[in-house]
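We're numbering straight along the sequence, starting at 1. Note that the coordinates shown come from a computational prediction; the quantities given were computed from them, not determined experimentally.
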Amino acid sequence: MSEIDFEPQIQHHRRIFFPNLLSHHECKELEFIHKCSSTVGYRPNVFSTTLSHLIATNSSHFIIPFIPIRERLKDKLEEFFKCEFELFIEFTGLISWSRGASIGWHSDDNRPYLKQRHFSVVCYLNTYGKDFNGGLFHFQDGEPATIIPAAGDVVMYTADERNIHSVDEITDGERLTLALWFSRDGSSDEDTKLVSLLSQHLLYKNLASSLLPLPASSNMYWFSQDQASNDQFGFNICWARLHVLGYGIYFSQDISCDSDVSELMVKPVHLVRGAELLDQEFANILHALQVVQFFCWKESALQTNKSNTDCKVVKLSDAQREKINGLNSVLLNDVDLASRIFCRRPSNSEENGSLFSNWTGIVAAIAAWEDYVLNLNKQIHFQLPYWRMQETLYNVQLDA
């Protein structure tokens with residue numbers, strides 16, 4: 001792997017760029033986690049997934065894939081900036097920028113409450129021109145002047161005024177990054193807080209009870225153009241992510257169209273596509289979304305292993321269609337906005353084909369998702385006692 005130091009020694013090592021530091025598998029796994037867990041973010045048209053949010057929504061196990069990546073990034077950062085054993089991870093999060101999102105010139109410590117941030121790390125999880133357009137990253141001075149995001153690439157830089165930067169407006173698609181900030185201040189250590197949250201959440205839970213996600217406040221999933229959660233125009237982002245993939249939901253219980261979104265978020269659902277309903281109940285909309293996004297991630301493998309799946313599909317009745325349309329109006333007041341935010345215009349080669357031609361892949365994904373989550377659950381329950389002793393998240397290596 002090549003490493004490119006864009007600034008000579010006399011520039012005090014302002015930044016470094018690592019092409020292909022993250023693997024394709026790592027990028028796709030983090031993309032899966034974000035697209036089934038994200039909430040409305042801190043800026044217009046931005047969505048985020050934090051580690052604390054994963055814990056709060058009964059998805060603590062999704063922290064496991066972050067651990068080796070964080071360790072590798074920290075080692076690289078400390079080695080390059082000659083500050084071994086000095087840094088603490090202040091924040092870890094998945095952040096996606098959708099159509100219309102941008103940010104002007106700034107440094108990452110440009111607010112009094114951000115002065116504890118000394119180093120920034122941005123990992124690109126998808127690729128400019130393929131997954132999104134716009135969103136180029138610019139430094140105000142020095143080289144490189146511009147970074148064209150490509151999946152797996154990583155840029156590290158000081159968070160101060162030596163690295164003032166901007167991001168162009170996203171014009172199409174969704175630009176996804178893993179962002180970390182590092183601090184020399186031990187009181188800003190993210191891990192201390194995360195270990196405490198994990199201990200409270202998992203200490204008295206068994207493996208089986210930790211499989212199913214539990215939605216947070218419905219406001220965290222409600223998107224509108226002006227970010228007003230009670231705006232009559234907007235959409236629930238969980239519903240919208242299913243919608244842009246061609247799926248809808250049908251509530252298993254008899255629910256009124258006057259129900260509020262917070263009530264609907266925790267009710268059992270079925271997946272719907274076109275005139276068909278899958279006869280498989282999901283615990284809630286987040287559960288259904290995780291399975292569908294897992295299928296998107298593992299589609300090729302699941303399609304080849306679909307022969308043993310029992311696919312039960314029924315035709316929707318007129319009454320069911322009417323109920324779906326009524327409840328959709330609660331979850332989605334602006335269909336066009338949802339499509340603009342989450343859809344990417346397909347290329348000519350993509351327009352002629354679809355990965356979602358039948359239900360068998362989704363049925364296979366249900367069992368595969370359960371195996372995947374159970375494996376992560378076992379790992380986090382095994383490692384938590386070690387994390388509690390050290391008050392830090394790390395990849396536990398036991399001697400054979």
Side-chain angles (χ1 to χ4, degrees), residues 3-19 21-22 41-52 69-70 73-84 86-98 100-125 128 132 134-150 153-170 175-191 193 227:
E3 300 177 4
I4 306 170
D5 177 3
F6 287 109
E7 296 294 326
Q9 292 284 341
I10 59 173
Q11 295 284 348
H12 306 294
H13 284 329
R14 287 194 289 177
R15 66 190 72 128
I16 188 171
F17 177 79
F18 294 93
L21 185 58
L22 271 61
Y42 60 100
R43 297 180 61 81
N45 301 345
V46 170
F47 303 89
S48 66
T49 303
T50 65
L51 301 191
S52 59
I69 297 173
R70 292 163 95 237
L73 295 172
K74 186 171 182 285
D75 288 345
K76 291 286 187 183
L77 183 69
E78 290 183 330
E79 179 184 4
F80 179 72
F81 286 101
K82 307 300 181 186
C83 51
E84 288 87 348
E86 293 182 16
L87 299 184
F88 303 88
I89 300 177
E90 188 259 356
F91 174 86
T92 307
L94 298 170
I95 302 174
S96 66
W97 299 49
S98 64
S102 66
I103 189 169
W105 295 112
H106 71 286
S107 65
D108 288 342
D109 69 347
N110 66 346
R111 297 286 187 274
Y113 57 86
L114 300 178
K115 290 301 181 182
Q116 75 280 3
R117 294 182 172 178
H118 297 118
F119 297 98
S120 305
V121 174
V122 179
C123 310
Y124 298 103
L125 303 182
Y128 170 82
F132 62 91
L136 299 183
F137 185 107
H138 305 286
F139 285 108
Q140 194 172 59
D141 56 64
E143 292 297 330
T146 297
I147 293 178
I148 301 175
D153 291 352
V154 175
V155 61
M156 300 178 177
Y157 53 93
T158 61
D160 55 24
E161 67 279 356
R162 289 179 292 170
N163 282 298
I164 293 175
H165 57 280
S166 67
V167 178
D168 291 344
E169 181 176 331
I170 309 299
R175 175 188 186 269
L176 178 58
T177 62
L178 169 64
L180 297 94
W181 282 277
F182 292 80
S183 177
R184 289 190 170 95
D185 179 5
S187 67
S188 301
D189 186 3
E190 174 185 51
D191 284 11
K193 303 162 192 172
Q227 292 191 308

Inset, instruction - Quick one: closest heavy-atom pair of E190 and R70, and the distance? - result: OE1-NH2, 3.1 Å
Inset, instruction - Compare every heavy atom of F132 with every heavy atom of P149, then report the nearest pair and how far apart it is. - result: CB-CZ, 3.7 Å
Inset, instruction - Test F80 against M156 for side chain to side chain contact (heavy atoms under 4.5 Å, CB included), laying out the working first. - result: CA-CA 9 Å; F80 179 72; M156 300 178 177; 5.8 Å; no
Starting at [atom1] of [X], measure out to [atom2] of [Y] and round the result to the nearest 0.5 Å.
X    : Y    : atom1 : atom2 : result
L73  : L21  : CG    : CG    : 6.0 Å
L77  : I16  : CG    : CD1   : 9.5 Å
W105 : F139 : CH2   : CZ    : 9.5 Å
F81  : T158 : CZ    : OG1   : 6.0 Å
C123 : L180 : SG    : CG    : 6.0 Å
S107 : R162 : OG    : CZ    : 11.0 Å

Legend entry - S98 (side chain) donor-acceptor with N45 (main chain) under 3.5 angstrom: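 Yes; at least one donor-acceptor contact below 3.5 Å.
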Inset, instruction - Answer yes or no: is there a donor N or O on one side and an acceptor on the other, between the side chain of S183 and the main chain of D185, under 3.5 Å? - result: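 Confirmed, S183 side chain pairs with D185 backbone.
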Legend entry - The single option from R15, R14, Q140 passing side-chain hydrogen bond (donor to acceptor under 3.5 Å, both in side chains) against N163: R15
Inset, instruction - Give me the one residue out of H118, E86, Q116 that meets side-chain hydrogen bond (donor to acceptor under 3.5 Å, both in side chains) with R184. - result: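 Going through the options one by one, the only one that passes is E86.
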Inset, instruction - Go through V155 and Y124 one step at a time and tell me if the side chain to side chain contact (heavy atoms under 4.5 Å, CB included) criterion holds. - result: CA-CA 9 Å; V155 61; Y124 298 103; 4.1 Å; yes
Legend entry - Over 12 foreign heavy atoms within 6.0 Å of CD1, I103: yes
Inset, instruction - Just do the side chain to side chain contact (heavy atoms under 4.5 Å, CB included) check on I95 and V46 with the steps written out, would you? - result: CA-CA 7 Å; I95 302 174; V46 170; 3.7 Å; yes
Inset, instruction - Among I69, L178, D191, find the residue that satisfies the side chain to side chain contact (heavy atoms under 4.5 Å, CB included) test when tested with T92. - result: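 With T92 as partner, I69, L178, D191 yield a single side chain to side chain contact (heavy atoms under 4.5 Å, CB included), made by L178.
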Legend entry - Counterpart residues, ring pair (Phe, Tyr, Trp, His ring centres under 6.0 Å), relative to F91 (two or more places apart): W181
Legend entry - Residues which pass ring pair (Phe, Tyr, Trp, His ring centres under 6.0 Å) with H165, listed by chain and number, not counting sequence neighbours: H106, F137, Y157
Legend entry - Ionic contact status for D168 with R175, cut-off 4.0 Å: no
Inset, instruction - Would you please name every residue forming a side-chain hydrogen bond (donor to acceptor under 3.5 Å, both in side chains) with D153, sequence neighbours left out? - result: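 D153 satisfies side-chain hydrogen bond (donor to acceptor under 3.5 Å, both in side chains) with no other residue.
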